[in-house]
Amino acid sequence: MSNDHDDFEPIDGEVDVQIPQSNTIDHLIVEGNNNNNTGDTLSNVIVENWIFAPIAVTIQKMNVSKPIHVFNVAEKESKKQFLAEALIPFLFAGLGLILAGVMLESAEGSEFFQTLPDAVIMVPTLVGLKGNLEMTLSSRLSTLANLGFMESRKDKINVALSNMALIQCQAIAVSSLAVIPVLFIGEQAISFSDSLCLLLSAVVTASLASLVLSLLMVAVVIAARRYKLNPDNISTPVAASLGDVSTLYILLSVGTLVCHMRDLHITLLIVILLFFYAIAIVGAVMASEDRFTLEVLKNGWWPILCAMVITTFSGLVLKKSMQTYPPLAAFQPLINGLGGNLVAVQASRISTQLHRARKNREIEVKPLHHYINPVRAFFGKNEDASAAQILLGISIPSNIIFIFIIFLFGVGFHNTTPFTFSFVLVCAIQVTVLLYICQILVRAMWIMRIDPDNSAIPFLTALGDLIGSLLLILCFWSQWKYFGLPVSADQYTGHKFGH
């Protein structure tokens with residue numbers, strides 16, 4: 001076995017040989033035999049007890065047939081190929097995140113945030129929700145494409161509609177909960193009309209942003225499949241390039257419009273809100289009719305809800321940090337977005353490896369302690385380490401470029417060499433920590449019989465938001481404390497929050 005695939009141990013043997021016990025806990029019970037050498041079956045049916053079954057297990061339970069050639073796309077890609085596929089989308093993602101940061105920094109004076117200052121607490125939650133939904137959608141679509149379930153026009157339409165319906169249902173339902181932290185831990189008293197404005201703004205923002213980005217994800221995965229590229233490397237950064245900007249723009253636009261309407265047409269706001277909840281119900285019905293999305297509809301809520309709790313803390317951190325260091329807002333989407341995108345690419349790749357190993361009837365995961373060693377994560381001779389090296393290699397020089405672009409927009413202070421070094425350092429620390437956690441968490445979820453495609457990415461991106469926000473505060477504090485950088489509230493005249 002090649003060192004590039006040291007996590008997978010192929011099971012060789014003659015026909016009719018039962019697969020031995022997997023060290024992912026369950027017995028794999030093979031029904032049927034392997035006499036067909038033409039490769040016209042996806043896999044033998046495997047009966048297992050999963051808490052949250054991944055696509056590969058759902059396929060096996062369906063006992064469907066697909067030609068074997070569909071599995072050979074990106075079976076093993078070179079480092080150059082991975083770098084080429086990931087670099088350009090990542091650069092576009094960085095530019096999109098820079099625009100989001102500049103927009104957030106300037107949004108302090110927007111009518112919506114001036115009317116409802118505590119609404120800023122919802123920003124990381126809504127942006128994180130958008131990211132979690134689109135990244136898990138990207139991972140699902142990439143897996144389905146690599147497994148050959150997006151070959152025909154009919155397949156593409158069915159997969160697109162069912163997944164977009166699922167995303168609408170999840171976005172509308174979970175975004176409704178984003179208002180709760182504002183009601184309980186906001187610094188200002190919230191009236192009923194204020195609560196309605198916040199709720200409707202969150203729901204409409206999540207629904208519209210998810211619709212736009214879902215269409216984009218479907219198009220990117222289909223295009224990647226058509227041109228023989230690995231969608232795991234491309235789709236997530238492409239979504240990020242427009243995701244944060246579109247979410248912030250929609251939130252500010254819708255929030256301002258809703259605030260104007262509430263004094264004259266508060267009943268209309270209730271009707272509009274009920275209309276979006278009706279869309280969520282229709283989306284749930286459509287998603288329940290597809291085997292792949294039904295599993296996510298039944299069991300895919302808790303990862304997103306847990307991630308939302310974590311990003312709520314990020315929202316509190318963001319609000320307090322914007323009061324203390326106002327220019328920090330311009331950098332927050334960049335550090336959090338890039339870290340989340342990079343680790344989402346890695347998580348999606350590892351998840352695809354696990355699905356591919358199951359298809360090939362290989363033992364998918366070694367004992368968990370095999371993945372705890374950080375040397376393996378970054379310096380081992382395996383796919384994880386190779387991808388981690390490339391992702392870190394992309395991150396460090398790109399952040400140097402991005403930080404100079406941010407200062408071209410003007411953020412209230414001039415760049416310095418210590419600040420650039422400090423920012424790039426905290427970004428590298430964040431990405432390193434996330435990549436290390438990723439290789440353990442994805443395998444741990446697989447061992448615990450939880451689908452990592454839909455569960456690992458929300459946790460990782462939420463952790464990335466929290467870790468990135470805390471490290472960014474440390475960066476600004478150190479520059480203000482030890483280098484006299486004028487970034488504190490009393491030195492920054494453009495400050496709006498906390499007054």
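All figures in this text were calculated on a predicted structure; none of them were measured in a lab.
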State which residue, out of D290, N158, V296, L141, fulfils the side-chain contact (heavy atoms from CB on, under 4.5 Å) condition with N163.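 Per the side-chain contact (heavy atoms from CB on, under 4.5 Å) rule, the option paired with N163 is L141, out of D290, N158, V296, L141.
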For the pair [X] (side chain) and [Y] (backbone), establish whether a donor and an acceptor sit closer than 3.5 Å, ignoring hydrogens and angles.
X: T461; Y: I457; result: yes
X: S175; Y: I172; result: yes
X: S398; Y: I394; result: yes
X: S455; Y: P452; result: no
X: W301; Y: L297; result: yes
X: T205; Y: A202; result: no

Contact summary for [X] and [Y], nearest pair of heavy atoms:
X: I406; Y: A330; result: CD1-O, 4.1 Å
X: R262; Y: C197; result: CD-SG, 3.1 Å
X: S422; Y: S478; result: OG-OG, 4.0 Å
X: V424; Y: I400; result: CG2-CG1, 3.6 Å
X: F404; Y: N415; result: CE2-ND2, 3.6 Å
X: G339; Y: V431; result: CA-CG2, 4.1 Å

For residues 465-477, tabulate all N or O donor-acceptor pairs below 3.5 Å that involve a side-chain atom, not counting sequence neighbours.
residue, atom, partner, partner atom, Å
S469, OG, N336, ND2, 3.3
S469, OG, D465, O, 2.8

Return the [atom1] to [atom2] distance between [X] and [Y], rounded to the nearest 0.5 Å.
X: L368; Y: I447; atom1: CG; atom2: CD1; answer: 4.5 Å
X: L269; Y: S201; atom1: CG; atom2: OG; answer: 8.5 Å
X: I167; Y: S214; atom1: CD1; atom2: OG; answer: 5.0 Å
X: I272; Y: L200; atom1: CD1; atom2: CG; answer: 6.0 Å

Answer whether the closest heavy-atom distance between the side chains of [X] and [Y] falls below 4.5 Å.
X: Y277; Y: V203; value: yes
X: R376; Y: Q439; value: yes
X: F292; Y: V159; value: no
X: V487; Y: Q479; value: no
X: S488; Y: T324; value: no
X: D384; Y: R349; value: no
X: L91; Y: L87; value: yes
X: V123; Y: F113; value: yes

When the ring planes of W302 and F459 are compared, do they come out parallel, tilted or perpendicular, using 30° and 60° as the limits?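 If you compare the ring of W302 with that of F459, the planes turn out tilted.
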In this structure, is the centre-to-centre distance between the rings of F331 and F423 below 6.0 Å?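 Under 6.0 Å, so yes.
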Taking everything shown except F378 itself, do over 12 heavy atoms lie less than 6.0 Å from its CZ?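 Yes, enclosed.
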Quick one: do the Q168 and S207 side chains pair a donor with an acceptor below 3.5 Å?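 On atom types as modelled, these side chains qualify, holding a pair under 3.5 Å.
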